[in-house]
Undergrad: 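Supplied in structure tokens, the structure appears directly below.
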Protein chains: 2
Amino acid sequence: MKSIEIKDAALKYFTIHGYEGASLSQIAEEVGLKKQSIYAHFKGKDDLFLQVLRDAKEMDLSATLQYFSNIDSKNPEKALYGYLQLIIDLFQKDEQLKFWLRMSFFPPAHLEKGIEQEVIDIEEKERTILEEKFQDWINTKLIIGDKALTPTYAYLGVVDSILLELVYGNDEKQLNAKLAASWEVFWRGISYQ
Amino acid sequence: MKSIEIKDAALKYFTIHGYEGASLSQIAEEVGLKKQSIYAHFKGKDDLFLQVLRDAKEMDLSATLQYFSNIDSKNPEKALYGYLQLIIDLFQKDEQLKFWLRMSFFPPAHLEKGIEQEVIDIEEKERTILEEKFQDWINTKLIIGDKALTPTYAYLGVVDSILLELVYGNDEKQLNAKLAASWEVFWRGISYQ
DNA sequence: CTCCATTTAACGAACGTTCGTAAGTTATTT
DNA sequence: AAATAACTTACGAACGTTCGTTAAATGGAG
């Protein structure tokens, strides 16, 4: 299917060059087409971009949902650390997560409002999932604390810092060192000792 | 001085629209000039961009250096939390930090190599400052641990997560909640209890 | 008169988009 | 089964606009 090929190429160029820096002729050339042919599949650049964005968002959200529906609820340490590794895997396996990150932080100005809404939407969903898990673990005395929001936000902070290191991504050794350090301190910060 | 005005306007548009999305005519219009007049002050778009970048980098680095040369070395809790607040202040006071962040994560492709070098440079300098402080605090039993690298990386992770929240910046309430949560867990993770 | 910032004018190149058209595929009618 | 219609996909050509950049003319300050 050609429209999937186009979206793949668009994902690649939007991720590398941003919305304004990516051109339809580059994208078309990548799949062996002229730029005019893109208009047989998409209404225009904005339409192509938004479809790529929604695919990326859906992929990100479904990966998170699936992971946390299959975890061992008696082992928060394994569950939480495993999610960090999942993110690293996802990030390195395909471009969608990097694209999503770039566009949620620095959206094209004329689409900012719509994108912001999607970002808030996914963020709240993922936060809710985490908050429920943390509440369970607090209730069952597997981690310390009273309200679940504190470890939730702190954990999301660790996730963000790992994502940032991935985006920045100059060195795998440094990534692993940062992951180990953040995890060690975080886990000590929320576990009984 | 007109070239400073131009750099200020360039900073603004580069931050909002990125390198490719910002145009010289917009920047010139902001300071009441025609775009061709920019060439009396800068060699071209790249030159203007790189000068703005170096100004931003210098500002970021000098703020960090100055802060950590004036801290109370007997009180890591205050010093570390104060730096997080300094970052929030800096971020909200002027655009340079946001510009620096955007360009260090998503540099214009054709300048990537040079920018990456600058980012590695500043990152190493800031990490070294922190590492020395943490080593002192470990030696004087003000925080736990053996090697200073672990709390250094973990703290840099907290810094990153706060920066991300600032970039993303939809809500001051949420920013404060995330800051409080990350700090609480981090501090518990590195302090004696 | 000189210098320098700024202007007007113009450049080639690239941008996203639209149009008409041709070919190929699928569906409907004879 | 053959003929017709409708739809999809792709392309050449061109649209108007904007881009970064260069060159030459203008104007004012020292």
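Just so it is clear: chains get the letters A, B, ... in the order the sequence lines come, proteins before strands, and each one is counted from 1.
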Undergrad: Does the side-chain contact (heavy atoms from CB on, under 4.5 Å) test come out yes or no for Thr64(B) and Lys125(B), once each step is laid out?
TA: CA-CA 10 Å; Thr64(B) 301; Lys125(B) 280 178 178 147; over 6 Å; no
Undergrad: With a 3.5 Å cut-off and no angle check, do the side chains of Lys147(B) and Thr150(B) form a donor-acceptor pair?
TA: yes
Undergrad: Quick one: is the NZ or CZ of Lys45(A) closer than 6.0 Å to the six-membered ring centre of Tyr19(A), and within 45° of its axis?
TA: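 Yes, Lys45(A) sits over the ring of Tyr19(A).
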Undergrad: By the definition ring-ring contact (aromatic ring centres under 6.0 Å, His included), identify the one residue from Tyr155(A), Tyr153(A), Tyr81(A) that meets it with Phe186(A).
TA: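 Of the listed residues Tyr155(A), Tyr153(A), Tyr81(A), the ring-ring contact (aromatic ring centres under 6.0 Å, His included) partner of Phe186(A) is Tyr155(A).
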Undergrad: Nucleotide range of DNA chain D contacted by chain B, 5' to 3', under 4.0 Å to a heavy atom?
TA: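 Contact boundaries, 5' end first: dC19(D) to dT22(D).
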Undergrad: Decide whether a cation-pi geometry holds between Lys57(B) and Phe99(B); the criteria are a distance under 6.0 Å from NZ or CZ to the six-membered ring centre and an angle within 45° of the ring axis.
TA: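 The answer is no, since Lys57(B) fails at least one limit relative to Phe99(B).
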Undergrad: Using a strict heavy-atom distance below 4.0 Å, which residues from residues 26-39 of chain A are in contact with DNA chain C?
TA: Lys35(A), Gln36(A), Tyr39(A)
Undergrad: Hey, is the main chain of Glu124(A) close enough, under 3.5 Å, to the side chain of Glu126(A) for a donor-acceptor pair?
TA: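 Checking the backbone N and O of Glu124(A) against the side chain of Glu126(A), no donor-acceptor pair under 3.5 Å is found.
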Undergrad: So how far is it from Gln51(B) CD to Phe42(B) CZ, rounded to the nearest 0.5 Å?
TA: 5.0 Å
